[in-house]
Visitor: 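Sharing a structure here in structure tokens format.
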Amino acid sequence: QAVVTQEPSLTVSPGGTVTLTCDSSTGTVTSGHYPYWFQQKPGQAPRTLIYDATNRHSWTPARFSGSLLGGKAALTLSGAQPEDEADYYCLLTYSGARKIFGGGTKLTVL
Amino acid sequence: EVQLLESGGGLVQPGESLTLSCAASGFTFSSYTMTWVRQAPGKGLEWVAGVSGSGGSIYSSDAVKGRFTISRDNFQNTLYLQMNSLRAEDTAVYYCARPLCSGDCWSPGYWGQGTLVTVSS
């Protein structure tokens, strides 16, 4: 079974920019993996931020953007706010309805 | 407004069974696949199972295959997860989720608040 890897933790300064990545053990992440990104704050359910690699949901702030970068899926936060401190998870599709989450990135805004 | 309300969690002993429910509202339930995702305490998200809108196609992770069964009642707008032979490692918050698009879309878009299942003697 494939393994999806994310940075365990990252730190960004308020107003700064940070990129989180999502890597697949099977090789290059492509649009065919339909990458999703989720944000989860302590004690809350996850919230979907990005779908199909680059599409923001209607509730997703414009400072979040998704892309495919260097063979990985990427989530870039430009102009970090204190409320962006959270865990971030990616999800990749490998076959049909079978999905694999990444291990998550704990983002600190400090 | 899409609403997903899970119920049925609780404390059970290893080897016992439990059924989770997810009451859906605010959309045409039968038009969407539905998914269960779980999160062990302090750990990441894990996709558990998914079912097509008609209930005719079902997918389960290797970790739960043969023990958990996902099903749905499109008249009651309710999703279920029947969990048998529960193990300590099944302890988690279980989330019900609906995709953003109807039809053959399977990734979670809208999430419920979750229900906690604790397996312990």
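Any value given below was found using the heavy atoms of this structure, including those in side chains, with hydrogens, waters and symmetry copies removed.
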Visitor: Chain A contacts: which residues in residues 107-121 of chain B have a non-hydrogen atom closer than 4.5 Å to it?
Guide: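 Hits under 4.5 Å: B/Ser107, B/Pro108, B/Gly109, B/Tyr110, B/Trp111, B/Gly112, B/Gln113.
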Visitor: Checking heavy atoms, do the side chain of B/Ser52, its backbone, both or neither come under 4.5 Å from chain A?
Guide: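 Answer is neither: B/Ser52 stays 4.5 Å or more from chain A.
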Visitor: Would you find more than 12 non-hydrogen atoms of other residues, nucleotides or ligands less than 6.0 Å from A/Lys106 atom NZ?
Guide: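 Counting other residues, nucleotides and ligands, NZ of A/Lys106 stays at 12 neighbours or fewer.
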Visitor: State yes or no: do B/Tyr59 and A/Tyr34 share one hydrophobic cluster built from I, L, V, M, F, W and Y residues joined by side-chain heavy-atom distances below 4.5 Å, directly or via other members?
Guide: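 No.
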Visitor: Would you mind checking if A/Lys72 and A/Glu7 are paired as a salt bridge, meaning a charged N to carboxylate O distance below 4.0 Å?
Guide: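 Answer for the salt bridge query: no.
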Visitor: Just verifying a value: how many Å separate A/Leu68 CG and A/Thr54 OG1, rounded to the nearest 0.5 Å?
Guide: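 Rounded to the nearest 0.5 Å, the CG-OG1 separation comes to 7.5 Å.
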Visitor: Sub-4.5 Å heavy-atom contacts with chain A: which residues of residues 65-90 of chain B show up?
Guide: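 Contacts with chain A: B/Lys65.
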Visitor: Please check this pair: side chain of A/Gln6 against backbone of A/Cys90, looking for a donor-acceptor N/O pair closer than 3.5 Å.
Guide: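 Flag set: sc A/Gln6 to bb A/Cys90 pair under 3.5 Å.
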Visitor: Are A/Leu49 and A/Tyr36 linked, directly or through other ILVMFWY residues, by side chains that come within less than 4.5 angstrom of each other?
Guide: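 No; tracing contacts between hydrophobic side chains, which count when under 4.5 Å, never links both residues.
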Visitor: Step by step, work out the side-chain hydrogen bond (donor to acceptor under 3.5 Å, both in side chains) result for A/Thr28 and A/Thr30.
Guide: CA-CA 6 Å; A/Thr28 299; A/Thr30 70; over 6 Å; no
Visitor: What parts of residues 15-36 of chain B touch chain A if we use heavy atoms and a cut-off under 4.5 Å?
Guide: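 At a heavy-atom separation under 4.5 Å, chain A is reached by no residue of residues 15-36 of chain B.
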Visitor: B/Val93 versus chain A, heavy atoms under 4.5 Å apart: side chain, backbone, both or neither?
Guide: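 B/Val93 has no heavy atom closer than 4.5 Å to chain A.
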Visitor: Between A/Glu85 (side chain only) and A/Val109 (backbone N and O only), is there a donor and an acceptor less than 3.5 Å apart?
Guide: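 Looks like yes, one N/O pair under 3.5 Å.
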Visitor: Let's go through A/Thr76 and A/Ser65 carefully: what are the C-alpha distance in whole Å and the side-chain angles of both, what is the deciding distance for side-chain hydrogen bond (donor to acceptor under 3.5 Å, both in side chains) to 0.1 Å, and is it a yes or a no?
Guide: CA-CA 5 Å; A/Thr76 299; A/Ser65 63; 4.5 Å; no
Visitor: Between A/Ser67 and A/Leu69, is there a donor-acceptor pair closer than 3.5 Å when you use the side chain of the first and the backbone of the second?
Guide: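 Checking the backbone N and O of A/Leu69 against the side chain of A/Ser67, no donor-acceptor pair under 3.5 Å is found.
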Visitor: Throw together a table of side-chain donor-acceptor distances under 3.5 angstrom for residues 8-16 of chain A, partners on residues two or more places apart or in other chains.
Guide:
none

Visitor: Indicate the ring-plane relationship of A/Phe101 and A/Phe38, choosing parallel, tilted or perpendicular according to the 30° and 60° boundaries.
Guide: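 Rings of A/Phe101 and A/Phe38: tilted, as their planes differ by 30° to 60°.
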Visitor: So for A/Gln44, is it side chain, backbone, both, or neither that comes closer than 4.5 Å to the heavy atoms of chain B?
Guide: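 Answer is backbone: N, CA, C or O of A/Gln44 sit under 4.5 Å from chain B.
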Visitor: To the nearest 0.5 angstrom, please state how far the CG atom of A/Asp84 sits from the CG atom of A/Leu107.
Guide: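 A/Asp84 atom CG to A/Leu107 atom CG measures 7.5 Å (nearest 0.5 Å).
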Visitor: Considering only heavy atoms, which portion of B/Asp62 lies under 4.5 Å from any heavy atom of chain A: side chain, backbone, both, or neither?
Guide: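 Answer is side chain: those atoms of B/Asp62 sit under 4.5 Å from chain A.
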Visitor: Strictly distance-based, threshold 3.5 Å: is any side-chain N or O of A/Arg56 a donor or acceptor partner for the main-chain N or O of A/Phe64?
Guide: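 Indeed, once roles are kept as given, a pair shorter than 3.5 Å links the two residues.
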Visitor: Any sub-3.5 Å donor-acceptor pair from B/Glu6's side-chain atoms to B/Cys96's backbone N or O?
Guide: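 Side chain of B/Glu6 to backbone of B/Cys96: a pair is present.
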